[in-house]
**Q** 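There's a structure below that I have some questions on.
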2 protein chains.
Amino acid sequence: MLETSARLLHLLSLLQMRREWTGPALAQRMEVTERTVRRDIGKLRTLGYPISASPGIAGGYQLGAGAQLPPLLLDDDEALAVAIGLTAVTASPVAGVGEASVRALTKLEQVLPARLRPRFSGLRSAVTRMAAPSTPVDPAVLTALSAAITERRIVAFRYERHDGESSRRLVEPYRLVDTGRRWYLVAWDTVREDWRTFRVDRCRSIPSPRARFTARPLPATDLARYVQKSITRSPYSYDAVIRLAAGIREIEQRIPAEIAELTSDGPNATILRAGFDSLDYPLMQLASLDVEFEILEPEAMRVRAAELAGRLRRAAGRAGTVYAR
Amino acid sequence: MLETSARLLHLLSLLQMRREWTGPALAQRMEVTERTVRRDIGKLRTLGYPISASPGIAGGYQLGAGAQLPPLLLDDDEALAVAIGLTAVTASPVAGVGEASVRALTKLEQVLPARLRPRFSGLRSAVTRMAAPSTPVDPAVLTALSAAITERRIVAFRYERHDGESSRRLVEPYRLVDTGRRWYLVAWDTVREDWRTFRVDRCRSIPSPRARFTARPLPATDLARYVQKSITRSPYSYDAVIRLAAGIREIEQRIPAEIAELTSDGPNATILRAGFDSLDYPLMQLASLDVEFEILEPEAMRVRAAELAGRLRRAAGRAGTVYAR
DNA sequence: CGAACCGAGGACAGAACCTGTCCTCATCGC
DNA sequence: GCGATGAGGACAGGTTCTGTCCTCGGTTCG
């Protein structure tokens, strides 16, 4: 029964919109008998969605957290918010949800109504540019690759090698791997006839889908490790060591443990070790702490700090002269 | 038929997972006849979901973008990614999707399976601390308020006034308004018996729901404007004017138009006007541009720039001595 | 061009299901 | 205890669904 299925979906959407609904209210809203509402609630329950109910004058039905996520029914604005949120997460990935965020974003992009696209692409650029300091990965490239992977389609894109050479690639994409905060594509290069690992941020064009291909056995079972091995360098561009002039207790409260390794260096000093892809972003975070610090490594960061210091001092103009003396 | 509804949902989920499915494959997967699959596809189509199909050896069904978003069926990791994404968006709101992101997050939190909660709260703190520089709004406070609004429940929380005085509040919450990058709650204060506008970032505890209340007529139809009026000051803490030593063309490419107003000041200079809640974040963004700039207003920003310059110079140590002379 | 594959959809019969109506019972708050 | 709410059994009539035919119209590849 089509009517029934649609009503179940509608019911689910109503229960997601407002926390609590009373049986008669639902019946009126959906133009059926209260008995039918009770039956529909029962159906949803047997489908695994936990709907609790309380009798009495202040009673009603409410959807709770179950074993698995019910289908999310979002309106236009909420869909847009989700899309923007996912874009932000893929642009500067959070440990542990990188690949899933790309999958979800691909899923959503595939079904996003056309009328929302202009708003989405407008906001997307704002988000990615804001998130840019740490990892300049274009989510559009990621979703294009992700779509090609599930469709098993060869993709074509321009790729810039480490030495700056740029060339056109035709590859069979197999997996996206998120190591640290950088994205890699494991693919079979159809021209060179071998497995290659590509850095997604070095793709210089949005990959365009081509002909279908039939799957090959993967070069390794644990692709995450395979990628790690195929990368010789540290996953980060810079490995920094910083000495902060404050106790470890204070620092711990202000720097998430996920980002940096902290070790105590006496009561009033803390050593911070962390990998970064950018010099500016960590420097600005450190400067904002209002704690004196000293860059022990790398040299490039010291140079950059001095550069930024100079620019800020000049930007401060008159007020800066106090310090410039 | 319960079976049928469940199958339709399952079918939708399969179509969201992989771009293309062939009829026989779906039939086998769902253990029904191909004829039934065709009928189910037809049902989904009459429900408004556009499913395109192509005949021939390389054919199959695929779900496209329709007039409205189909129910999103996410797996655990994807749900987590969406939750984290929304948290990031609410913590540092993007113009235009602020309120919707809170609604979506509330919706999701209500049904998020218990086994995902520990992972979620773990990642949440990392995200909010990273996003902190611009707006220290706790998404947990927002979702608590949002839930209370839809449930029509009085909430209790500690609130710190502008002058630093902190007191316990019991209010009927009505609407969350996102002006610029700050959140306000429009509510009826049950003790003072009047409408009040609260800054969400000044809530010093997570609002806890209390008794139900019956809705009052709102103090204004356009609540966004009402909030704007009830705030005397600019929505931002600082209104900055910056002179950048580069042409407007170059600057436009690097600073999103949504964030700042740009005006040309000759071929090699651009005036930037924008509101900020933090001094550090915009300063470091500007410094990272590798364009010389000059702070025209406000004075506080000049002072802060000089402070940061001093700290960075000292952090640079030896390398910094070149500039310190 | 023909073969193989895929989607579209009409017809039919039997079974299964759904809905509304009517009823009784349990629970909660006043 | 009363009113409002949820739970659920029983029943009848009508609708719908499914599987099994079948034909037709495309596409792709050899």
Side-chain angles (χ1 to χ4, degrees), chain A residues 1-12 14-15 18-47 49-64 151-154 209-214, chain B residues 1-12 14-15 18-47 49-64 151-154 209-214:
Chain A
M1 188 158 254
L2 214 176
E3 188 87 11
T4 314
S5 309
R7 209 177 47 233
L8 287 185
L9 233 47
H10 188 193
L11 184 51
L12 217 42
L14 290 177
L15 285 173
R18 199 204 286 184
R19 175 74 105 161
E20 226 165 299
W21 287 88
T22 132
L26 290 173
Q28 195 178 2
R29 187 75 185 259
M30 303 199 292
E31 301 182 323
V32 287
T33 327
E34 293 175 39
R35 183 67 184 91
T36 302
V37 169
R38 280 204 295 278
R39 271 195 273 246
D40 285 351
I41 295 280
K43 277 173 210 157
L44 288 181
R45 280 177 178 152
T46 62
L47 283 180
Y49 306 124
I51 299 172
S52 62
S54 45
I57 187 90
Y61 295 98
Q62 56 185 84
L63 182 59
E151 283 184 65
R152 296 220 176 291
R153 277 185 185 279
I154 289 179
R210 296 297 162 86
R212 285 267 177 66
F213 66 88
T214 52
Chain B
M1 191 147 203
L2 214 176
E3 189 88 10
T4 314
S5 309
R7 210 176 46 234
L8 287 185
L9 233 49
H10 189 193
L11 184 52
L12 217 42
L14 290 178
L15 286 173
R18 200 205 286 184
R19 177 73 105 159
E20 227 165 299
W21 288 87
T22 126
L26 289 172
Q28 195 178 2
R29 187 76 185 258
M30 303 198 294
E31 300 180 324
V32 288
T33 327
E34 294 174 38
R35 184 67 184 91
T36 304
V37 169
R38 281 205 292 278
R39 273 195 272 245
D40 285 351
I41 295 281
K43 278 174 209 157
L44 287 182
R45 280 178 178 153
T46 62
L47 282 180
Y49 307 123
I51 299 171
S52 62
S54 46
I57 187 90
Y61 294 99
Q62 55 186 82
L63 181 59
E151 282 183 68
R152 295 222 176 288
R153 276 184 185 282
I154 289 179
R210 297 296 165 86
R212 284 268 177 67
F213 66 88
T214 51

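All values reported here derive from a predicted model rather than from experimental measurement. Proteins come first, then strands; the chains are lettered A, B, ... in the order of their sequence lines, and each starts at number 1. Scope of the values below: all heavy atoms of this structure, side chains included, with no hydrogens, waters or symmetry mates.
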**Q** Do A/Met30 and A/Thr36 come close enough that some side-chain heavy atom pair is under 4.5 Å?
**A** no
**Q** Looking at B/Ser52 and B/Arg45, what are the two nearest heavy atoms and their distance?
**A**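 Smallest interatomic distance, heavy atoms only, reads C-NH2, 4.2 Å.
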**Q** Using atom CZ of B/Arg7 as one end and atom C1' of D/dT16 as the other, report the distance to the nearest whole Å.
**A** 12 Å
**Q** Where do B/Leu12 and B/Tyr49 come nearest, in terms of heavy atoms and distance?
**A**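 Smallest heavy-atom distance, with atoms named: CD2-CE1, 4.1 Å.
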**Q** C/dA8 P sits how many Å from B/Leu44 CG, rounded?
**A**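 B/Leu44 atom CG is separated from C/dA8 atom P by 12 Å.
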**Q** Using a 4.5 Å cut-off on heavy atoms from C-beta on, say whether the side chain of A/Leu9 contacts that of B/Leu9.
**A** yes
**Q** May I have the distance from A/Leu8 (atom CG) to C/dC17 (atom P), rounded to whole angstrom?
**A**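 It is 15 Å, rounded to the nearest whole Å.
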**Q** Grab the CG-P distance between B/Leu11 and D/dC17 for me, whole Å please.
**A** 14 Å
**Q** Rounded to whole Å, how long is the line connecting atom CD of A/Glu31 with atom P of C/dG20?
**A**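 Computing the A/Glu31:CD to C/dG20:P distance gives 11 Å.
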**Q** Taking CD from B/Glu20 and C1' from C/dG7, how many angstroms apart are they, rounded to a whole number?
**A** 12 Å
**Q** Sugar-phosphate atoms are those with a prime plus P, OP1 and OP2; base atoms are the rest. Using that split, label each nucleotide of nucleotides 4-14 of chain D B, S or - for protein heavy atoms under 4.0 Å, 5' to 3'.
**A** BBSBBB-----
**Q** Take the protein atom CG of B/Asp40 and the nucleotide atom P of D/dT18, then report the distance between them rounded to whole Å.
**A**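 From B/Asp40 CG to D/dT18 P: 6 Å.
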**Q** Write down the distance between CG (B/Leu26) and C1' (C/dC5), rounded to a whole number of angstrom.
**A** 16 Å
**Q** Just by distance, do the side chain of B/Arg153 and the backbone of B/Arg210 share a donor-acceptor pair under 3.5 Å?
**A** yes
**Q** Is there a side-chain contact between B/Ile41 and B/Leu11, using heavy atoms and a 4.5 Å cut-off?
**A**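 In short, these two side chains touch, coming nearer than 4.5 Å.
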**Q** Hey, is the side chain of A/Thr36 poking within less than 4.0 Å of OP1 or OP2 on C/dG20, counting only N and O atoms?
**A**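 A/Thr36 to C/dG20 OP1/OP2: side-chain N or O found under 4.0 Å.
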